[in-house]
Amino acid sequence: MQSAPGHTRHTEQIEAHGLPALRLRASGSEALVYLHGAHVTSFSTAEHGELLWTSAHSHYAAGKAIRGGVPLCFPWFGAHAARKDLPAHGFARTTSFVFDGSEERGDSVVAQLTLVSSPETRGAFPHDFVARYQVSVGRELKLSFEVENTGADMLAYEVALHTYLAVSDVRQVVLEGLSGASYDDKVSGQSGVLQTDEKLRFAGETDRVYTSTARVTVSDPERRRRLIVDKTASATTVVWNPWVDKARRMADFGDDEWPQMVCVEAANAGSHRIQLPTAARHGTTTIISAETT
Ligand code: TA6
């Protein structure tokens with residue numbers, strides 16, 4: 001990757017909320033990426049404006065996850081299976097990545113950020129790895145998280161690109177693409193539930209882990225747009241909205257913010273966790289875009 005000096009036509013190295021970040025621009029689109037967690041917090045296009053949601057109450061501090069945008073959940077999803085002392089969703093989202101540079105590719109700009117295993121990471125995850133994250137900004141936002149096993153043993157991990165989509169009112173949107181898929185419902189505790197409805201509407205706290213490789217769309221009539229979440233090499237799709245009570249219980253989430261977002265996450269979790277032999281690599285990709293309706 002071509003090393004980028006401070007500023008180029010497409011990449012600006014800045015400080016935001018006291019943290020080092022990148023502003024990436026191409027094709028009339030713009031994204032903000034923090035080195036902290038390699039966290040994309042904003043992606044806007046000339047035609048549709050902002051596609052991602054970030055809380056006005058988010059933390060921006062070492063050891064804290066940013067609330068909104070696209071948190072990187074790695075190397076486990078949700079609660080750690082064995083150790084209660086470890087944070088939910090792994091350590092990637094609270095660890096600083098290294099910016100390796102950026103370059104133009106066609107009508108997009110692609111930045112690479114890297115996380116290499118260290119004594120700190122091995123304390124929570126006893127494996128050697130290199131995680132490379134490519135953030136491609138153009139008419140769509142393409143995020144590719146690749147893990148390479150640089151150790152001598154098999155490496156198993158979970159990953160989620162935990163995308164928070166911006167919507168006008170989650171009670172008015174329609175999610176499509178998961179009909180016929182089965183899911184584990186983290187609200188009711190039921191597992192293996194079959195999604196029979198073509199159109200998913202939200203009427204309460206929703207926290208579902210689907211087995212699906214399909215494209216998902218979220219139609220937002222008030223904004224006359226459809227948000228599109230495509231993905232590759234991802235067998236799990238997570239759909240989440242905290243609704244009233246859970247929103248109130250989260251310090252970094254405003255009590256009245258829950259109608260403004262819905263998470264549609266490209267993941268590999270649970271029975272779909274990735275098993276990576278020595279020297280092997282696996283990449284999970286999500287592509288966020290919008291179209292007018
Ligand atoms: O992806 C959905 C989920 O796993 C929910 O269970 C909910 O807890 C959400 O993630 C947010 O998790 P966080 O650790 O960021 O508060």
Side-chain angles (χ1 to χ4, degrees), residues 34 36-41 52-81 83-95 124-125 143 145 157-167 170 175 177-178 181-191 193 195 200 202 204-212 216 218 227 229 231 234-255 257-273 284 286 288:
Y34 288 83
H36 178 75
H39 203 126
V40 179
T41 59
L52 302 178
W53 175 87
T54 295
S55 172
H57 301 258
S58 177
H59 302 296
Y60 293 90
K64 298 260 185 189
I66 295 172
R67 175 64 67 190
V70 187
L72 267 178
C73 305
F74 168 84
W76 58 88
F77 179 76
H80 189 277
R83 288 184 47 187
K84 297 287 168 271
D85 62 311
L86 294 173
H89 293 328
F91 49 71
R93 62 178 179 163
T94 54
T95 304
F125 185 65
L143 305 174
F145 184 73
Y157 69 91
E158 297 176 300
V159 57
L161 304 171
H162 194 304
T163 305
Y164 288 73
L165 298 172
V167 296
V170 71
L175 184 151
L178 295 168
S182 66
Y183 63 91
D184 296 343
D185 188 329
K186 292 169 78 175
V187 177
S188 69
Q190 286 177 283
S191 54
V193 183
Q195 169 95 26
L200 175 60
F202 297 84
E205 181 182 355
T206 303
D207 192 351
R208 299 178 177 185
V209 180
Y210 287 86
T211 295
S212 172
V216 166
V218 176
L227 298 166
V229 180
K231 61 179 193 163
S234 160
T236 315
T237 297
V238 182
V239 176
W240 180 58
N241 183 283
W243 224 252
V244 178
D245 296 343
K246 181 140 189 184
R248 279 214 183 104
R249 293 198 297 273
M250 294 184 283
D252 61 350
F253 198 115
D255 292 356
E257 289 186 319
W258 58 270
Q260 301 160 14
M261 52 68 64
V262 64
C263 288
V264 178
E265 311 164 30
N268 285 297
S271 59
H272 301 294
R273 69 172 48 81
T284 302
T286 194
I288 315 294

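Order of appearance sets the numbers: ligands from 1, and atoms from 1 within every ligand.
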Within the structure provided, determine whether Val70 and Thr163 are in side-chain contact (heavy-atom separation under 4.5 Å).
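The answer is yes; the side chains approach within 4.5 Å.
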Give the minimum heavy-atom separation between Leu72 and Ala92, together with the two atoms involved.
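Between these two residues, the closest heavy atoms are O-CB, 3.8 Å.
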Name the residues in contact with ligand 1, where contact means a heavy atom under 4.0 Å away: which are they?
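Around ligand 1, where the cutoff is 4.0 Å for heavy atoms, the contacting residues are Arg67, Phe77, Ala88, His89, Arg93, His162, Lys186, Asp207, Val238, Trp240, Lys246, Glu265.
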For Asp252, what residues pass the salt bridge (charged side-chain N to carboxylate O under 4.0 Å, His left out) criterion, not counting sequence neighbours?
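So Asp252 forms a salt bridge (charged side-chain N to carboxylate O under 4.0 Å, His left out) with Arg67.
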Holding to salt bridge (charged side-chain N to carboxylate O under 4.0 Å, His left out), I want the full list of residues that pass it with Glu158, two or more places apart in sequence or in another chain.
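By the salt bridge (charged side-chain N to carboxylate O under 4.0 Å, His left out) rule, Glu158 matches Arg273.
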How are the rings of Phe74 and Phe91 set to each other: parallel, tilted or perpendicular (split at 30° and 60°)?
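Taking Phe91 first and then Phe74, their aromatic rings stand perpendicular (interplane angle over 60°).
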Please enumerate all residues that pass side chain to side chain contact (heavy atoms under 4.5 Å, CB included) together with Gln260, with sequence neighbours excluded.
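For Gln260 the side chain to side chain contact (heavy atoms under 4.5 Å, CB included) partners, ignoring immediate neighbours, are Trp53, Glu257.
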